[in-house]
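Only one structure is covered here, and it is reproduced in the block below.
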Amino acid sequence: MPASPCVVPDSISRPYSVHEVECRVKTHDQVNGEYRRLALSAPRSVLDCEAGQFFNLLCPQTDRFQPYLRRPMSIYSYDRARGELSFLYKVAGTGTGALASLEPGEFLNIVGPLGQGFEIRREWRRPLLLARGVGLATLAPLAGECVRLGRPLTAICSARSPDLVMSTDLFRSFGAEVITVTDAESNSDVGSLTPLIEELIRMRGIDAFFTCGSARLLRMLQQIGTRHGIGGQVAVEQHMACGIGMCQACVRPFLRDGGAVNLRVCREGPVFDLHEVL
């Protein structure tokens, strides 16, 4: 399908082009008891993307599920050489239930890439990635970018139980120091993570935080960052409808210039400064 360049308002710092394409399903596998990985054959036009951006997927209609709106989904990986784009997701409702029915060889209509992705600033030399569950999917391509830039990386992967921890092998393949914490082992709570991260700051020289999803983890990183003068970025999760900033369904307040401003997560984000999120 033809590409359609987006209109970029003044509030957008990094312009990007949006495309609607039909992509063939390459593989669609179960990762563990809860999550699935969907890999698509994708044209170069949509692979001109960056970590933290997302696509709006037109989930199929099935006898059981008839989703009405597209579903936003963060990029798990993109490979321009192989022409591959993949997503990691959990079946949780009508849209993802319909998505799970896709078989290799079938086609999926996608729109993207959308939103503002992560930016690894020059002064951030020793990043820490922290997320749990599907939030780790959003941070996976960021880990690859850290490798490309030669930034030693530490990744804390959290989950309810050891069998649900994801992306550890991927992060290790990028040369990251990987630390796993789980609810089952009683070491994933704020009381356990705070001293762990404080020690990493002291021993590893951590100077930037990246996270996604969990409000609890975000608040903890904001507090630690304030104490140590550490910045970073967060990919914000929010209900979206259009994904391109028209419907205003994803508007929420952020802190800028000493006051609260309302911004669209899909357009001005989904990646924001760590200390802007209220």
Side-chain angles (χ1 to χ4, degrees), residues 31-35 51-52 74 88-90 92 118 120-121 123-140 142-143 146 151-172 174-239 252-255 260 265 269-278:
V31 174
N32 56 34
E34 290 190 346
Y35 291 90
S74 61
L88 191 69
Y89 70 96
K90 176 181 178 179
F118 289 105
I120 304 174
R121 296 174 188 164
E123 65 270 24
W124 293 342
R125 310 302 301 178
R126 195 60 166 86
L128 170 72
L129 274 58
L130 169 64
R132 61 183 280 133
V134 78
L136 291 165
T138 304
L139 297 182
L142 177 64
C146 287
R151 309 294 169 84
L153 176 66
T154 300
I156 301 179
C157 303
S158 177
R160 291 202 313 274
S161 60
D163 60 303
L164 294 177
V165 176
M166 294 185 298
S167 300
T168 54
D169 290 341
L170 179 62
F171 287 141
R172 288 191 181 101
F174 292 141
E177 174 188 15
V178 176
I179 301 169
T180 62
V181 296
T182 67
D183 300 350
E185 297 167 300
S186 300
N187 60 0
S188 63
D189 59 291
V190 168
S192 299
L193 285 171
T194 298
L196 170 62
I197 295 172
E198 296 272 4
E199 180 70 5
L200 289 170
I201 295 170
R202 187 176 70 86
M203 297 297 294
R204 304 285 191 272
I206 299 298
D207 60 6
F209 295 144
F210 293 92
T211 189
C212 174
S214 170
R216 171 177 60 89
L217 297 182
L218 170 62
R219 302 303 177 210
M220 178 192 66
L221 290 179
Q222 287 176 329
Q223 292 169 6
I224 297 173
T226 298
R227 286 198 297 272
H228 293 273
I230 295 175
Q233 294 179 334
V234 53
V236 175
E237 292 184 347
Q238 192 80 357
H239 288 297
R252 59 169 289 172
F254 293 86
L255 181 64
V265 171
V271 175
F272 293 90
D273 183 277
L274 182 79
H275 296 286
E276 286 184 342
V277 183
L278 296 173

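Bear in mind the structure is a predicted one, so any value in this text is a computation, not a measurement. The first residue of the sequence shown is numbered 1, and numbering continues consecutively from there.
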task = Please examine the side chains of Gln233 and Arg121, heavy atoms only from C-beta on, and report whether any two atoms are closer than 4.5 Å.
result = yes
inquiry  = Ignoring hydrogens, what is the shortest heavy-atom contact between Gly133 and Tyr35? Give both atom names and the distance.
reply    = CA-OH, 3.6 Å
ask   = At what distance, to the nearest 0.5 angstrom, does CZ of Phe209 lie from OG1 of Thr154?
value = 10.5 Å
task = Over 60° means perpendicular and under 30° means parallel, so classify the ring planes of Phe118 and Phe210, tilted if in between.
result = perpendicular
message = With heavy-atom distances below 4.5 Å as the criterion, would you say the side chains of Thr211 and Leu274 are in contact?
response = yes
key: Crowding at NE2, His239 (>12 non-hydrogen neighbours, <6.0 Å)   = no
task = Mark yes or no for whether Asn187, through its side chain, and Leu193, through its backbone, hold a donor-acceptor pair below 3.5 Å.
result = no
task = Measure across Trp124 and Ala208 and return the closest heavy-atom pair with its distance rounded to 0.1 Å.
result = CG-CB, 3.5 Å
query = Under a 4.5 Å cut-off applied to non-hydrogen side-chain atoms, are Thr138 and Val271 in contact?
reply = no
message = Rounded at 0.5 Å granularity, tell me how far CG in Leu142 sits from CD1 in Ile120.
response = 5.0 Å
ask   = Do the side chains of Asp273 and Phe254 get nearer than 4.5 Å, heavy atoms only?
value = no
message = With a 4.5 Å cut-off on side-chain heavy atoms, are Arg151 and Arg125 touching?
response = yes
message = Counting C-beta onward and ignoring hydrogens, is there a side-chain heavy-atom pair between Gln238 and Pro270 closer than 4.5 Å?
response = no
ask   = What distance do Leu170 atom CG and Leu136 atom CG have between them, rounded to the nearest 0.5 Å?
value = 10.0 Å
inquiry  = Return the CG to CG distance between Asn32 and Asp163, rounded to the nearest 0.5 Å.
reply    = 7.0 Å
task = Measure from the side-chain N and O atoms of Arg252 to the backbone N and O of Val277, and report whether any donor-acceptor pair falls under 3.5 Å.
result = no
request  = Compare every heavy atom of Ala260 with every heavy atom of Leu278, then report the nearest pair and how far apart it is.
outcome  = CD1-CB, 4.0 Å
ask   = Does some side-chain heavy atom of Pro162 sit less than 4.5 Å from a side-chain heavy atom of Thr180?
value = no
task = Ignoring hydrogens and angles, state whether a donor on the side chain of Arg160 or Ser188 is under 3.5 Å from an acceptor on the partner side chain.
result = no
message = Once rounded to the nearest 0.5 Å, what's the spacing between atom CG of Leu129 and atom CG of Leu153?
response = 5.0 Å
task = Kindly compute the distance separating CG (Leu255) from NE2 (His275), expressed to the nearest 0.5 Å.
result = 11.0 Å
